Participant: 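The structure's right below; bear with me while I get my questions together.
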Amino acid sequence: MSAVSARPVPARRPTFAWRALLALGIFFVLALAFPFLPLGDRREFLLQIGFFTLVAGIMALSWDLLARSGQVSLAHAAFYGLGAYGYALLLKAGVPWGAAMPLAALTAGFVSLLLGGVTMRLSGMYFAIATLAFTEVVRTVIQNLPESVAGGANGLLVPALLGGNSRGQYLLALALLLLTVGVSLAVRLSKLHHAFAAIRQGEETARVLGVNVVRYKLAAFFLSSVLAALAGVLYAGKTFFISPLDTFSLANSISPLTTSIFGGLYTTLGPILGATVLRVAEELLHNTVKNGYLVVYGLVLMLSILWLPRGIVGLWRRGRQGGDL
Amino acid sequence: MNETRPEQSRPDGLKQDATTQARAGQELVIEHLAAGYGKVQVLWDVSVRVGPGEFVAMIGANGAGKTTTLRAVSGVVKPTGGRIQLGGRDITRAAPSEVVALGLGHVPEGRELFAMMTVRENLELGAAMRPEARAAQQDTLEQVYRLFPRLQERSKQMAGTLSGGEQQMVAVGRALMGLPSILVVDEPSLGLSPLMTQTVFEALKVVNAEGVSVLLVEQNVGLSLRLAHRAYVLENGQVVKEGTGEALLADPGVRAAYLAL
């Protein structure tokens, strides 16, 4: 043990953080330019794909925020759905859309605190199953409300966002993704980052290090669910029709998870890159392979998780789980 | 090994500079503490006092209640009886986060590092939860690196890849990053080579010499008694003996039970 290694400290090279920020900057510039490009006669279609890519980005990144605190949730569809239904019902009650949007998101946020409180002592698989059950409970409740209130199993019509202006809708989604990125970076740079990382890796130890585990777990739930609900609002306003089965579908809980893993867990860039690559790949496959596209899509996902266990951003990031930018 | 005993004249003759001022030792008073896990009572009557700037050891066999006492001090285990005071404030029922905020640093048994984070990130975590520690983070980090130069060399390495001794250094360093005025250290020699144990104990001595109170729990009785100003012997959840390290080292009962002499 006495042989102290005389290895020199490596010279400073551009860190992952700076490259990640650069990549995020490029992403937003390109995404902002996209709706102003001459997209030809497929413009509406392309803008729609772009819109849902952004929504998928919000879903994945907000899911990742919660995962950073060690809470691997299958309740994201619930918050997405609460956002969508909350928004639709508030509009129905005559609330202007600009107010309905944050109100629906905050409602989902407060509901998430209830779930977070109940699941506080659960971890791993038990936590995941509890959140899955929660989604079913919320869906069942919404479905069984009087049809005059929430439309029952038939669903609800929702007025189109921004009068159906595709470019406006796209830009609104981009703004909300930017908000999500802002929250994610703020978490990364604040003590929330340390608290989440400690809780994720060992709750007991986090506690003796002075982390108020209850408070930070609930904070993760609140932030994550508010942002997921905003994604749900976008969805409702874009498709102008929501139903319990579609909105609360398991796919809406699973895909943020796979997207984040595919892109790179516990990072800001990873979930966004993951959403972009997966949505575009999905559309391309849909158009080329036609009916069997989901099989190919699943295969691509499986292989990439085998070969890229740390996701796309893991390609230029050292083997670590500390949570980079 | 004869010279490892710190000066007995402190804390009166304590030299103070800017950094030690922030860490002026606090007094910890444990009175008639009782605690347990569910229906299993582990502590029956533990009274321990750590004066400001004092180095106190708690020794005893496996299951005597040493770790549980520390966990009760940290707020992880809720006492069923007795009283704990830190710097004059009652912390008997305080949450761990409140106890840390009052200046207690805990080096847990088994080190409990975050294996997939770098050494530096592990250290930063120790400062994250106290605003004053976060503000002083850079300075404290340099102090920790001075105390354990090995950690600076390893700063970008995953904590899980370090040797046991290096991991123990990180665990001590992480606690120091929170600028504690009292450090409670649980079984730091566990699984370490005698040489590494010596290194870690030397570091604790330095920290204590800077004014930080230390409460050390150890099974390495000989080394602890030589290092500590005073010590307590725990048996079956009760304090059965107390005295200066010297006196306990000379005590026939202690020698027979713990030093096999």
Side-chain angles (χ1 to χ4, degrees), chain A residues 1-13 15-17 67-70 120 187-219 264-267 309-310 314 317-325, chain B residues 70-71 73-76 95-118 120-122 124-131 133-134 149-150 152-156 158-160 163-166 171 174-175 177-178 180 184 186 192-193 195-196 199:
Chain A
M1 287 311 240
S2 57
V4 175
S5 72
R7 199 159 42 92
V9 181
R12 274 194 97 74
R13 56 198 163 72
T15 58
F16 176 81
R68 287 177 207 176
S69 68
M120 187 56 66
V187 164
R188 173 63 184 83
L189 297 174
S190 73
K191 66 177 177 181
L192 287 176
H193 165 70
H194 291 104
F196 288 178
I199 294 170
R200 182 175 76 236
Q201 295 174 83
E203 227 175 282
E204 267 299 288
T205 314
R207 210 165 269 136
V208 298
L209 290 181
V211 177
N212 187 332
V213 173
V214 172
R215 182 193 296 168
Y216 286 104
K217 275 186 154 183
L218 290 180
L265 279 174
Y266 317 138
T267 63
R310 267 171 266 115
R317 199 162 69 109
R318 286 175 301 141
R320 51 189 288 146
Q321 287 185 2
D324 273 298
L325 274 177
Chain B
L70 294 195
R71 287 164 62 83
V73 170
S74 286
V76 180
S97 53
E98 294 167 322
V99 178
V100 169
L102 286 174
L104 183 120
H106 193 142
V107 183
E109 186 180 11
R111 307 182 271 276
E112 303 291 342
L113 298 185
F114 300 115
M116 292 301 288
M117 287 169 86
T118 65
R120 190 182 164 138
E121 285 166 334
N122 268 280
E124 284 173 356
L125 258 174
M129 291 302 132
R130 290 187 80 192
R134 232 170 115 78
R150 184 69 66 89
Q152 185 154 26
E153 296 164 29
R154 300 265 190 265
S155 67
K156 290 187 176 165
M158 297 296 133
S163 77
E166 290 165 342
R174 183 177 62 187
M177 290 298 290
V184 301
D186 197 350
L192 300 196
S193 69
L195 193 64
M196 260 311 170
T199 310

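A note on names: the letters A, B, ... follow the listed sequences, proteins ahead of strands, and every chain is numbered from 1. Source: prediction; values computed, not measured.
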Participant: Answer yes or no: is there a side-chain heavy-atom contact under 4.5 Å between B:Met129 and A:Leu209?
Facilitator: no

Participant: Which residue out of B:Arg174, B:His106, B:Arg130 racks up the most heavy-atom pairs below 4.5 Å with chain A?
Facilitator: B:Arg174

Participant: Can you name the closest pair of heavy atoms from A:Gly210 and B:Ser97 and give their distance?
Facilitator: O-CB, 3.2 Å

Participant: For the candidates B:Ala175, B:Ala127, B:Ser155, B:Ala128, which exhibits the highest count of non-hydrogen atom pairs separated by less than 4.5 Å from chain A?
Facilitator: B:Ala128

Participant: Hey, could you give me the CD/NE2 distance between B:Glu124 and A:His194, rounded to the nearest 0.5 Å?
Facilitator: 4.5 Å

Participant: Sequence neighbours left out, what pairs pass salt bridge (charged side-chain N to carboxylate O under 4.0 Å, His left out) with at least one residue falling in residues 97-117 of chain B?
Facilitator: none

Participant: Looking at B:Val100, B:Thr199, B:Leu113, which has the largest count of heavy-atom pairs under 4.5 Å with chain A?
Facilitator: B:Val100

Participant: CE/B:Met116 to CZ/A:Arg200 distance, rounded to the nearest 0.5 angstrom?
Facilitator: 10.0 Å

Participant: Under the rule for salt bridge (Lys or Arg N to Asp or Glu O under 4.0 Å), what residues qualify as partners of B:Arg71, not counting sequence neighbours?
Facilitator: A:Glu204

Participant: For A:Ala197 and B:Met117, which heavy atoms make the closest approach, and how far apart are they?
Facilitator: CB-CE, 4.1 Å

